[in-house]
Amino acid sequence: QVQLVESGGGLVQAGGSLRLSCAASGRTFSSYTMGWFRQAPGKEREFVAAINRIGSTQLYADSVKGRFSISRDNAKNTGYLQMNSLKPEDTAVYYCAARLYIVATIPTDFNLWGQGTQVTVSS
C-alpha cells in the first residue's frame with residue numbers, strides 16, 4: 001500500500017498556471033495507476049485526468065483537455081498535474097488517487113486517496 005500527499009495548490013489569476021504534485025510512499029508506486037479528481041462545494045467529485053503505470057496512456061476530462069497535463073516520475077515516487085490556462089471554474093479541492101494495475105476514470109475504482117489541495121482561480 002502507498003500513502004499519497006498532494007501539494008502545489010494555491011491562488012492564481014485566470015489564465016495562470018499551477019503544478020500539483022502527488023508524493024507517494026513506498027517502493028511499489030510503479031504498480032499503481034494514478035488519477036486526479038476535483039470537488040467544488042456542492043458538487044460531486046469530478047474526474048480530471050488519469051495515467052497508467054508507466055505514463056504511456058493519459059486520459060483527460062473534456063473540460064481540461066488541452067489545458068492540463070498529467071505525468072509521473074516513478075523514480076521519485078511522484079505524480080504531477082500541470083494546469084495551464086486556468087479558469088475560475090477550475091476552482092476546487094484537487095485529490096490524487098491511486099489503484100493497482102489498471103487505469104480508471106471513476107472515483108469508486110480508486111481505493112487510495114490523498115488529503116487534497118485547494119486550487120482557487122480568481123477572475
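In what follows, every heavy atom counts, from backbone to side chain, and hydrogens, waters and symmetry copies are set aside.
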Chemist: Counting only heavy atoms not in Glu44, do more than 12 sit closer than 6.0 Å to its CD atom?
Modeler: no
Chemist: Is there side-chain contact between Leu4 and Tyr95, with at least one heavy-atom pair below 4.5 Å?
Modeler: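 In short, these two side chains do not touch, never coming nearer than 4.5 Å.
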Chemist: Indicate yes or no: at least one non-hydrogen side-chain atom of Met34 is less than 4.5 angstrom from one of Phe29.
Modeler: yes
Chemist: Treating Gln39 as the side-chain partner and Glu46 as the backbone partner, does any N or O pair qualify as donor plus acceptor under 3.5 Å?
Modeler: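 A pair under 3.5 Å: no.
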Chemist: Can you tell me if Asn52 uses its side chain to pair, donor with acceptor, with the backbone of Gly55 under 3.5 Å?
Modeler: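 Answer holds: yes.
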Chemist: Kindly indicate whether the side chain of Leu112, heavy atoms from C-beta on, has any atom under 4.5 Å from the side chain of Arg99.
Modeler: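 SC-SC contact between Leu112 and Arg99 ruled out.
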Chemist: So, Phe110 versus Phe37, ring centres under 6.0 angstrom or not?
Modeler: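 For Phe110 and Phe37, the ring centres are under 6.0 Å apart.
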Chemist: Report the C-alpha distance between Arg19 and Tyr80 in whole Å, list the side-chain angles of each, state the deciding distance to 0.1 Å, and finish with yes or no for side chain to side chain contact (heavy atoms under 4.5 Å, CB included).
Modeler: CA-CA 7 Å; Arg19 186 190 190 220; Tyr80 305 96; 3.2 Å; yes
Chemist: Rounded at 0.5 Å granularity, tell me how far CZ in Arg67 sits from OG in Ser85.
Modeler: 7.0 Å
Chemist: So, do Gln82 and Ser17 sit near enough that their side-chain heavy atoms are less than 4.5 Å apart?
Modeler: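 Yes; the side chains approach each other to less than 4.5 Å.
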Chemist: Hydrophobic clusters here meaning ILVMFWY residues chained together by side-chain heavy-atom distances under 4.5 Å, can you tell me if Val64 and Val93 are in one?
Modeler: no
Chemist: Hey, mind stepping through Arg38 and Lys43 against side chain to side chain contact (heavy atoms under 4.5 Å, CB included) and telling me if it holds?
Modeler: CA-CA 9 Å; Arg38 64 189 183 188; Lys43 299 183 67 176; over 6 Å; no
Chemist: If we ignore hydrogens and angles and just use 3.5 Å, is the side chain of Ser30 paired with the main-chain N or O of Thr28 as donor and acceptor?
Modeler: no
Chemist: Side-chain contact test, heavy atoms from C-beta onward, threshold under 4.5 Å: evaluate it for Leu81 versus Tyr94 and give yes or no.
Modeler: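 Yes, side chains in contact.
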Chemist: Can you see which heavy atom on Ala50 is nearest to which on Val103, and at what distance?
Modeler: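 Nearest pair, atom of Ala50 first, then Val103: CB-CG2, 3.9 Å.
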Chemist: Would you say Ile51 ends up clustered with Met83 if hydrophobic residues are merged whenever their side chains have heavy atoms under 4.5 Å apart, either directly or through other cluster members?
Modeler: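 Both belong to a single hydrophobic cluster.
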Chemist: Apply side chain to side chain contact (heavy atoms under 4.5 Å, CB included) to Val48 and Tyr60, showing your working.
Modeler: CA-CA 6 Å; Val48 176; Tyr60 299 96; over 6 Å; no
Chemist: Just so I know, are the side chains of Phe47 and Leu59 near enough to count as touching, which here means a heavy-atom distance under 4.5 Å?
Modeler: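 The answer is yes; the side chains approach within 4.5 Å.
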Chemist: Measure the spacing between CG of Asn84 and OG of Ser69 and express it to the nearest 0.5 Å.
Modeler: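 It is 8.0 Å, given to the nearest 0.5 Å.
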Chemist: Treating Thr91 as the side-chain partner and Thr120 as the backbone partner, does any N or O pair qualify as donor plus acceptor under 3.5 Å?
Modeler: no
Chemist: Do Val119 and Leu20 have side-chain heavy atoms sitting under 4.5 Å apart?
Modeler: yes
Chemist: Considering non-hydrogen atoms only, spot the tightest contact between Tyr101 and Thr33 and give its length.
Modeler: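 That would be O-CG2, 3.2 Å.
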Chemist: Do you know the tightest heavy-atom contact between Ser122 and Leu11?
Modeler: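 Result for this residue pair: CB-CD1, 4.3 Å.
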Chemist: Can you see which heavy atom on Ala92 is nearest to which on Ala40, and at what distance?
Modeler: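 In this case the closest contact between Ala92 and Ala40 is CB-N, 3.9 Å.
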Chemist: Please evaluate residues Glu89 and Val121 with respect to the criterion side chain to side chain contact (heavy atoms under 4.5 Å, CB included), reporting the C-alpha separation (whole Å), side-chain torsions for both, the decisive distance (0.1 Å), and the verdict.
Modeler: CA-CA 8 Å; Glu89 50 263 44; Val121 184; over 6 Å; no
Chemist: Check whether any side-chain heavy atom of Cys96 sits under 4.5 Å from a side-chain heavy atom of Trp113, and report yes or no.
Modeler: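 No, too far: nothing below the 4.5 Å cut-off.
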Chemist: Please confirm whether the backbone N or O of Ile54 pairs with a side-chain atom of Arg72, one donor and one acceptor, at under 3.5 Å?
Modeler: no
